[in-house]
Amino acid sequence: MLKRKSPVYLNALRAFEASARHGSFSGAAEELNVTAAAVGQMVRGLEEWLGMPLFNRSTTGKARLTLSENAERALPDIRAGLDRLGMGLDRLRESATGGILNVTVSPAFAAKWLLPKIDRFQARCPDTDIRLETSLRLIDYKAHGIDVGVRYGDGTWPGLVSEKLMEEEIFPVCSPSFTDANSFAEPADLTRATLIHDLSVDPAIGFVTWDMWLRAAGVREGQAQRGMRIDNSAAVLQAAIEGRGVALARSILAHDDLAAGRLRRLFPEIQVSSRLAYYVVYREEYSSLPKLRTFRDWLMEEALQA
């Protein structure tokens, strides 16, 4: 029996997998940083070698590229194989040097917590270089080559392992000069001040808003919706530092500014805990990578000292 020799189809398999995930050659092309025509050519080459179509193509409708029955059955194994290959390459790089650790965090967490401490990790692991991706979006770890991240939420992200890093309180803060210029004898007085709202986290997942904090403080009526709105937690704190109003701070992010006297906490006797927390998040298949484990352990140590 004559056997055809299999060519190396790694790029074609990646093109096929990405096209299946995006449902289009153009989406796959953007991810792979090539043209849509190049993706289509690689997929067609793979189809010619296999002797069967991988996609049902349509020129109309929303679903213009759908998996064939055979391709749908094979896709999970192909994805698993590509994942294992990526892990193998990571281990080869790890065996030679510390390599690069791709980390994703929010811009505010990077500015207020991670970057002021990162020199301590670099001193411990001088052979590991941190490549930091700062984004409010929940980016795809696989598509962006992310090894590990810190996310703020309820700890549930499909396809990822999460370990609780830190919990936090939510409380009002302002600059010392703003406190001196205004009278805040009771929480209800806050409704007459300029309130700074943090829009970086969706209240639908349990993020504490001004209305929620004021209700917890016993204020039943007020105008908590007015004021300044900012979609970055670090910028929220900076606005408060500059005396632009009263911000509803997250204790982890505000820690250094409070310690340095740039901010002052109001009504410390009122404690409102967030149901959300910070989590170390990574893909389960990468959990054994030494550089990831080392970074995860360092984060946990730093959190205990916070």
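- Ring orientation note: the planes of F295 and F121 are nearly perpendicular, at an angle over 60° on the 30°/60° scale.
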task: Could you go through the side-chain hydrogen bond (donor to acceptor under 3.5 Å, both in side chains) check for S162 and R151 one step at a time?
output: CA-CA 9 Å; S162 63; R151 285 184 173 176; over 6 Å; no
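- Classification of R57 and E47 as a salt-bridged pair holds, one side-chain N sitting under 4.0 Å from a carboxylate O.
- In this structure, the side chain of H144 engages the main chain of D140 through a donor-acceptor pair within 3.5 Å.
- The environment of CD in E242 is crowded: more than 12 heavy-atom neighbours from other residues, nucleotides or ligands sit within 6.0 Å.
- Neither side chain, R293 nor Y286, offers a donor N or O lying under 3.5 Å from an acceptor on the other.
- One finds no salt bridge joining R264 and D257 here, because no Lys/Arg side-chain nitrogen approaches an Asp/Glu carboxylate oxygen to under 4.0 Å.
- Between the CD atom in E186 and the OG1 atom in T191 there is a gap of 9.0 Å [rounded to 0.5 Å].
- At distances below 3.5 Å, at least one donor-acceptor pair connects side-chain atoms of K291 with backbone N or O atoms of I100.
- Counted by atom type alone, D198 and S200 present one or more donor-acceptor pairs between their side chains at under 3.5 Å.
- With hydrogens and angles left out, the side-chain atoms of Y152 and S274 include a donor and acceptor closer than 3.5 Å.
- Not a single donor-acceptor pair under 3.5 Å links the side chain of W113 to the backbone N or O of I252.
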- request: Apply salt bridge (charged side-chain N to carboxylate O under 4.0 Å, His left out) to R250 and E168, showing your working.
  value: CA-CA 7 Å; R250 294 153 59 178; E168 67 179 1; 3.4 Å; yes
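- Contact check on R120 versus E301 returns no salt bridge, with no Lys/Arg side-chain nitrogen under 4.0 Å from an Asp/Glu carboxylate oxygen.
- Between E17 and R79 there is a salt bridge, since at least one side-chain N of the basic residue sits less than 4.0 Å from a carboxylate O of the acidic one.
- Formation of a donor-acceptor pair under 3.5 Å by the W49 side chain with backbone atoms of R44 is not found in this model.
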task: Apply side-chain hydrogen bond (donor to acceptor under 3.5 Å, both in side chains) to the pair Y282 and E163, showing each step before the final yes or no.
output: CA-CA 9 Å; Y282 52 87; E163 297 183 67; 2.6 Å; yes
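- Open room surrounds CD on E30; 12 or fewer heavy atoms of other groups in view lie less than 6.0 Å from it.
- One N or O on the side chain of D147 and one on the backbone of N102 form a donor-acceptor pair closer than 3.5 Å.
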